[in-house]
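Following: one structure in structure tokens, then a few remarks.
Numbers for residues simply follow the sequence, beginning at 1. Because the structure is a prediction, the values reported are computed rather than measured.
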Amino acid sequence: MKKVIINGGNGRMGQAIARIIANQPQLNLEIVAVREEGQDVHTQADVVIDFSSVQGAQEAFALARELKAACLIGTTNLPERFLFQMQEEHKIPLFYAPNVSLGVYFFGELLKQASRMYSGYERALHEIHHIHKKDAPSGTAKKLAEAIELPLKKVSYERFGETIGTHILTLSGPYEQIMLKHEALDRDLFAASAVHIAAWLVKQPAGFYTMQDYAQFILKSSKKKENNL
């Protein structure tokens, strides 16, 4: 079994990750510690999973390097300097994504294709999240906007109720309007994806990984299964 430290374990994502690890023993993961910002941890681990705060994410990264463990960071709104530091990592397997959902990643790929197909159409991106979310626009919205080279002034947002996460791209032409939407229906979407990515990450050599790397692995695995049928 691979040993897991959950950083930000008392948060909603941390609790969901713990529940999914407990319910999916086939992934060979077990939790050895739950950590919050500023806490010391005295245990060995194979992977640190972080959904916490800016400070917490940096502490998780430092802890993983100290333990020579893999590290998955899903915390958003991180400072640029820290992002550059992560991208240069070569001592441990390090994964970072502002949104760990494979469905959201593929949605971003669809938006790229739609933007090319409807070249010349006016574009706008709108995101909706729960009222507790601190960053606005969300890290996911910023990533999607970056993927389609959309200026941030074209990204709008709202905070409503307990909405988990909704992203809508609108393409407007002179005679028509096209809307592409991704809506998360359950927070377990992100927690389950994080757990599966962690199980994959511990098997990877040292270096920096993103959703693109994981998506390529999933697509290759699916193709192999199809070829074996």
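Within a 6.0 Å radius of NZ in K142, other residues, nucleotides and ligands contribute more than 12 heavy atoms. In this structure, E149 places its CD atom where only 12 or fewer heavy-atom neighbours from other residues, nucleotides or ligands lie under 6.0 Å away. For CD of Q216, the number of neighbouring non-hydrogen atoms (other residues, nucleotides, ligands) closer than 6.0 Å is greater than 12. Crowding of F208 atom CZ: a count of heavy atoms from other residues, nucleotides or ligands under 6.0 Å exceeding 12. More than 12 heavy atoms of other residues, nucleotides or ligands lie within 6.0 Å of CZ in F106, so this atom counts as buried by the packing criterion.
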Q.
Pair K133, E162 - check salt bridge (Lys or Arg N to Asp or Glu O under 4.0 Å), show working.
A. CA-CA 10 Å; K133 191 163 183 62; E162 296 298 326; over 6 Å; no
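Counting heavy atoms from C-beta on, the side chains of L201 and Y209 come closer than 4.5 Å. Using a 4.5 Å heavy-atom threshold, the side chains of L94 and R65 count as separate. Inter-residue side-chain proximity for I92 and F61 is flagged as met; some heavy-atom pair is nearer than 4.5 Å. Within the 4.5 Å cutoff, side-chain heavy atoms of I5 are placed close to those of V32. Residues Y121 and E176 are in side-chain contact: their nearest non-hydrogen atoms beyond the backbone lie under 4.5 Å apart.
Shown here are the side chain to side chain contact (heavy atoms under 4.5 Å, CB included) partners of F217, two or more places apart in sequence or in another chain: W200, Y214, S221.
H167 and E183 share no side-chain donor-acceptor pair at under 3.5 Å. H90 and E88 share no side-chain donor-acceptor pair at under 3.5 Å. In the model, D50 has a side-chain atom that pairs as donor or acceptor with a side-chain atom of N7 under 3.5 Å. With hydrogens and angles left out, the side-chain atoms of E89 and Q85 include no donor and acceptor closer than 3.5 Å.
Note: H130 and H132 have tilted aromatic rings, judged against thresholds of 30 and 60 degrees for the angle between ring planes.
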